[in-house]
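Structure record follows, encoded as structure tokens.
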Amino acid sequence: MECRVGWRCCVEAGWEDEEFPSTPGKFKIDRSHNINRHFRRCFASTSTIFQSFVESRSRYFTSSCGAIQWENQVRNSGHIHRSSGMSILVTGAAGFVGSHVFLALKKRGDGVVGLDNFNNYYDPSLKKARNLLLNSHRVFVVEGNLNDAKLLAKLFDAVAFTHVMHLAAQAGVRYAMENPNSYVQSNIAGLVTLLEACKSANPQPAVVWASSSSVYGLNEKIPFSEADRTDQPAILYAATKKAGEEITHTYNHIYGLSITGLRFFTVNILQGKPITIFRGKNRGDLARDFTYIDDIVKGCLGSIDTSGTSTGSGGKKRGPAPYRIFNLGNTSPVRVPELVNILERHLKLKAKRNIVDMPGNGDVPFTHASICLAEKEFGI
């Protein structure tokens with residue numbers, strides 16, 4: 001290698017034309033100082049190239065060590081600690097629902113690896129704080145984008161996941177009017193990227209994912225049942241979740257992925273900010289089927305435990321696989337102002353209420369869950 005580098009260096013320095021004559025015996029002694037200068041330049045360049053080579057090798061080994069450390073973290077986090085346990089990838093792991101489900105799985109001895117992009121849809125410090133809590137339980141949350149197919153491939157190479165709990169999504173009602181593309185990228189494109197990784201895995205994991213009660217849209221029949229029509233979405237978020245149900249059905253049918261969709265009814269947290277309360281038609285109060293987080297966690301774990309198995313291998317379907325959809329809710333709608341009253345009473349704080357009429361392109365006036373199927377299947 002050094003001879004070739006040195007020769008190239010000499011040629012580039014002009015030796016071929018100046019210092020090495022075409023006729024033998026006519027070597028120009030009076031330019032010997034130039035020869036010395038060119039030799040020094042040649043070997044200085046060779047030394048620089050060698051040093052660059054060593055530095056690049058050093059960076060390679062440092063990068064490799066970082067990759068090995070990352071892979072070890074993923075594998076250690078995904079290690080199962082109970083007999084008949086599961087190894088589960090949880091997307092949206094630093095979110096409100098995701099972090100609670102993540103810890104519940106870890107505490108019962110399952111192997112869990114998280115994935116979250118820590119975006120700024122709401123204050124990222126909340127997710128960072130949850131991530132610190134998760135780290136204290138010796139679990140690992142990978143910071144990355146759901147649309148990063150290479151990252152997903154690395155995760156599936158590191159751990160043979162038995163299940164995927166897909167909770168990552170772009171949520172919100174009115175934000176969809178400001179940034180509609182974020183809903184398509186996360187809730188549709190991201191879902192497809194994840195399903196592609198799942199169907200290509202060997203073995204294929206069973207998939208449990210978060211749909212939404214918003215898919216019931218303009219449906220006025222109550223309570224909302226899984227058999228009701230869901231072809232009249234009132235908001236873009238709902239439309240992307242409905243699209244997700246159709247997409248997951250396709251992957252179940254073609255590739256044999258076990259699919260369970262969970263239609264969450266409003267899962268709330270307190271953020272300590274001024275509260276905007278929307279009024280419906282004729283200035284009537286909106287009502288929501290608010291659901292306690294522990295009930296959602298029970299439903300998520302119950303879905304995993306009863307999911308059955310995917311039947312494909314390497315992207316090829318071997319037989320029919322389960323496809324299920326469940327409502328997860330409270331079954332008792334609460335008027336939004338009444339909920340605010342309850343919070344004020346228990347927190348001993350007076351809320352700053354901003355009461356406005358719901359815009360025509362806003363959310364639905366009420367939600368009311370029927371959870372008969374979930375109670376029968378999960379015993380909750």
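Nearest heavy-atom pair across Glu245 and Ser211 is OE2-OG, 2.8 Å. Taking every heavy atom of both residues into account, Pro322 and Ser307 meet most closely at CG-O, 3.6 Å. Gly256 approaches Ala321 most closely through the heavy-atom pair O-CB, 3.3 Å. Closest heavy-atom contact between Leu191 and Leu146: N-CD2, 4.3 Å. The nearest pair of heavy atoms linking Gly319 to Lys317 is O-CE, 3.2 Å. Gly114 and Ala93 get closest at one heavy-atom pair: CA-CB, 3.7 Å.
Between the CG atom in Leu195 and the NE2 atom in His166 there is a gap of 7.5 Å [rounded to 0.5 Å]. With values rounded to the nearest 0.5 angstrom, Asn145 atom CG is found 6.0 Å from Asn117 atom CG. We find the CZ-CD distance between Phe326 and Glu375 to be 12.0 Å, quoted to the nearest 0.5 Å. Between Thr260 atom OG1 and Tyr323 atom OH the span is 9.5 Å, to the nearest 0.5 Å. A distance of 10.0 Å separates CZ of Arg75 from CD1 of Ile68, quoted to the nearest 0.5 Å. Here the CG-NZ distance, from Leu126 to Lys128, works out to 12.0 Å after rounding to the nearest 0.5 Å.
With a 6.0 Å cutoff to the six-membered ring centre and a 45° limit on the axis angle, Lys199 counts as a cation-pi contact of Tyr255.
The closest side-chain heavy-atom distance from Lys241 to Trp209 is below 4.5 Å. For the pair Arg263/Ile325, a side-chain contact is recorded, criterion being any heavy-atom separation below 4.5 Å from C-beta on. Considering only heavy atoms from C-beta on, Asn131 stays 4.5 Å or farther from Asp116 through its side chain. Two residues are said to be in side-chain contact when any heavy atoms from C-beta on lie closer than 4.5 Å; Val159 and Leu89 fail this criterion. Between Asn327 and Leu373 the shortest side-chain heavy-atom distance does not fall below 4.5 Å. In this structure, the side chains of Cys300 and Val208 stay at 4.5 Å or more apart for every pair of heavy atoms. Side chains of Ile304 and Leu105 form a contact here, defined as non-hydrogen atoms less than 4.5 Å apart.
With hydrogens and angles left out, the side-chain atoms of Thr311 and Arg318 include no donor and acceptor closer than 3.5 Å.
Judged by distance alone, the side chain of Ser213 and the main-chain N or O of Phe264 form a donor-acceptor pair under 3.5 Å. Judged purely by atom type and a 3.5 angstrom limit, Tyr121 has no side-chain atom pairing as donor or acceptor with the backbone of Gln170. With hydrogens and angles disregarded, no donor-acceptor distance shorter than 3.5 Å links the side chain of Thr240 to the backbone of Val184. When atom types are taken as modelled, the side chain of His100 and the backbone of Phe96 share a donor-acceptor pair closer than 3.5 angstrom. Between the Arg130 side chain and the Gly98 main chain, no donor and acceptor come within less than 3.5 Å of each other. Checked by atom type and distance alone, the side chain of Ser310 pairs as donor or acceptor with a backbone atom of Ser258 at under 3.5 Å. Distance alone, capped at 3.5 Å, places no donor-acceptor pair between the Tyr183 side chain and the Ala238 backbone. With hydrogens and angles ignored, the 3.5 Å screen pairs no side-chain donor or acceptor of Gln232 with any backbone N or O of Leu218. In this structure a side-chain-to-backbone donor-acceptor pair under 3.5 Å is missing from Ser77 to Gln73. Judged by distance alone, the side chain of Ser200 and the main-chain N or O of Glu196 form a donor-acceptor pair under 3.5 Å.
A continuous path of Ile, Leu, Val, Met, Phe, Trp and Tyr side chains, each step under 4.5 Å between heavy atoms, connects Leu103 with Phe118, placing both in one hydrophobic cluster. At a threshold of 4.5 Å between side-chain heavy atoms, the hydrophobic network of Ile, Leu, Val, Met, Phe, Trp and Tyr places Phe378 and Ile293 in one connected group. Follow the hydrophobic side-chain contacts under 4.5 Å out from Ile188 and you reach Ile259 in the same cluster. One hydrophobic cluster holds both Val207 and Val192 under the rule that ILVMFWY side chains link at heavy-atom gaps under 4.5 Å.
The pair Arg108-Asp305 meets the salt-bridge criterion, since a charged nitrogen lies less than 4.0 angstrom from a carboxylate oxygen.
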Donor-acceptor list for residues 148-157 side chains, cut-off 3.5 Å, not counting sequence neighbours:
unit_1	atom_1	unit_2	atom_2	d
Asp148	OD1	Lys150	N	3.2
Asp148	OD1	Leu151	N	3.1

**Q.** Tyr122/Lys127 under side chain to side chain contact (heavy atoms under 4.5 Å, CB included): CA gap, chis, key distance, verdict
**A.** CA-CA 9 Å; Tyr122 61 84; Lys127 288 191 172 185; 3.5 Å; yes
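Environment of NE2 in His137: crowded, with over 12 heavy atoms of neighbouring residues, nucleotides or ligands closer than 6.0 Å.
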